[in-house]
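A quick note: this is a predicted structure, and the numbers were derived from the prediction, not measured.
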Amino acid sequence: MSRRHIDIVLRALPAWLVPLAFLGIIELAMRASSIESDGLALPSQTAAALLGLITDGEIFLRTAETIGAIAVGVPIGGTLGLLLGVWLGLSPTAARLASLSIELFRPIPPVAVIPLMMLIYGLGIRMEAAIIAFACFWPMLLLTRDAVLGVEPRLIEVARILGLPRRKQITKIALPAAVPRIFTALRLTLGIALIVAVTTEIAANPIGIGYAIISSGLSLRPEVMYAFLVWLAILGWLLNESLIAMHRRLFGAAYGDAAT
């Protein structure tokens, strides 16, 4: 078979075949070596555990808890970051005055505010949502600011010459031109939110997918732990693909391909 024919065959292969083949190799290698460990599980055992979690509905309950915190935290942190980012992008004076505060507070890891949020809200979705909001605020702020700064300056200057009030400069000029890049910022923000949510649940909050992962590991049920990890990967992929599809629908294939 020529190189050209090999390339044609490789292009025709579905993308899911690679991880499936990888799992098959792991299954065969583990069975051949007879490895036994409290921290390992065969891919077939993981698949059976995942099916069991889906059948009894536990995985959907844990998912609802995690997604619920994200659904509260992302709109709060994302909206605040969006509004402040637009303001800083349009006002050099505000950007200069806020620069030191941003650089001081932005590097604080979200997990570092867990004790503070526990003192304020206790355990539960409110505490987790507050941490997610804190984590999502910064990337949305910075990426929105950069998106507005990337708007053609002459458009803003023409709007000022025409005497448009600041509100219309934002709604008629800055935001429409920056929306595709802001949407990309939203994709990044949602990915961060999922990471922070699961990390918070593993570290301190006894709800959601993160808590299910750590509790199944501590109870020496590795197949359940891996099942939740696989589900988490699927969930992240579904969220990302949904946003990519929405991005392409709203802004066209060129923007969608660039965002990917």
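- In the hydrophobic cluster analysis, where Ile, Leu, Val, Met, Phe, Trp and Tyr join through side-chain heavy atoms closer than 4.5 angstrom, L238 is grouped apart from I195.
- Contact annotation: the side chain of T189 never approaches that of L143 to less than 4.5 Å [non-hydrogen atoms, C-beta and beyond].
- Side-chain contact between W231 and L50: present, with at least one pair of heavy atoms (C-beta onward) separated by less than 4.5 Å.
- In this structure, S219 contributes its side chain and S215 its backbone to a donor-acceptor pair below 3.5 Å.
- Residues R62 and Y211 share a closest heavy-atom pair of NH1-CD2, 4.0 Å.
- In this structure the side chain of L239 never reaches within 4.5 angstrom of the side chain of L190, judged on heavy atoms.
- Of all the heavy atoms in I207 and G124, the pair that sits closest is CD1-C, 4.2 Å.
- Here the side chains of V196 and I70 are not in contact, with every heavy-atom distance at 4.5 Å or above.
- Within the 4.5 Å cutoff, the side chain of Y226 has heavy atoms near those of the L229 side chain.
- With contacts defined as side-chain heavy-atom distances shorter than 4.5 Å, the pair C136/I132 qualifies.
- Using a 4.5 Å cut-off between side-chain heavy atoms of Ile, Leu, Val, Met, Phe, Trp and Tyr, with links allowed through other members, I214 and L61 fall into different hydrophobic clusters.
- Residues I59 and I202 are members of one and the same hydrophobic cluster, defined by side-chain heavy-atom contacts under 4.5 angstrom among Ile, Leu, Val, Met, Phe, Trp and Tyr.
- Note on residues 92-109: pairs passing side chain to side chain donor-acceptor pair (under 3.5 Å), not counting sequence neighbours, are E103-R106.
- Closest approach of G208 and E65 over heavy atoms only: N-OE1, 2.6 Å.
- Within the model, atoms CD1 of I209 and CD of E201 stand 7.0 Å from one another, a figure rounded to the nearest 0.5 Å.
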Next item on the list: With side-chain contact (heavy atoms from CB on, under 4.5 Å) as the test, would you mind laying out the steps for L194 and L232 before giving the verdict?
Entry: CA-CA 9 Å; L194 185 60; L232 185 60; 4.1 Å; yes

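- Nearest heavy-atom pair, L123 versus P206, reported as atom, atom and distance to 0.1 Å: CD1-CD, 3.9 Å.
- The number of heavy-atom neighbours closer than 6.0 Å to CZ of F134, taken from other residues, nucleotides and ligands shown, is above 12.
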Note to self: Checking M246 against F183 for the side-chain contact (heavy atoms from CB on, under 4.5 Å) test, could you report, in this order, the C-alpha distance in whole Å, the side-chain angles of both residues, the deciding distance, and whether it holds?
What the structure shows: CA-CA 10 Å; M246 190 182 301; F183 200 91; 3.7 Å; yes

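- Within the 4.5 Å cutoff, no side-chain heavy atoms of L88 are placed close to those of L149.
- Between the side chain of T144 and the backbone N or O of I182 there is no donor-acceptor pair closer than 3.5 Å.
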Next item on the list: In sequence, state the C-alpha distance, the side-chain angles, and the governing distance for F137 and L84, and then conclude on side-chain contact (heavy atoms from CB on, under 4.5 Å).
Entry: CA-CA 9 Å; F137 172 78; L84 189 55; 3.7 Å; yes

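- The two residues M225 and I213 come nearest to each other via the heavy atoms CG-O, 3.7 Å.
- Distance check, rounded to the nearest 0.5 Å: CH2 of W138 to CD1 of I192 gives 13.0 Å.
- Separation of atoms CE (M118) and CE (M127) is listed at 5.5 Å; rounding is to 0.5 Å.
- Cluster membership check: L220 does not share its hydrophobic cluster with V224, using side-chain heavy-atom separations under 4.5 Å among Ile, Leu, Val, Met, Phe, Trp and Tyr.
- A search for ring pair (Phe, Tyr, Trp, His ring centres under 6.0 Å) contacts involving F105 returns nothing, not counting sequence neighbours.
- Side chain of Q45 to main chain of L42: a donor-acceptor pair is present (N/O by atom type, distance under 3.5 Å, no hydrogens or angles).
- Atom-to-atom distance recorded for L119:CG and I114:CD1 is 12.0 Å, nearest 0.5 angstrom.
- Connection of L116 to L80 is established within a shared hydrophobic cluster, with ILVMFWY side chains joined at heavy-atom distances below 4.5 Å, either directly or through further cluster members.
- Taking CD from E241 and CD1 from I244, the interatomic distance works out to 4.5 Å, rounded to the nearest 0.5 Å.
- Of all heavy-atom pairs spanning P110 and I131, the tightest one is O-CG2, 3.7 Å.
- Counting heavy atoms from C-beta outward, F60 and I54 have side chains that approach closer than 4.5 Å.
- Atom CZ of R145 sits about 6.0 Å away from atom CD1 of I102, to the nearest 0.5 Å.
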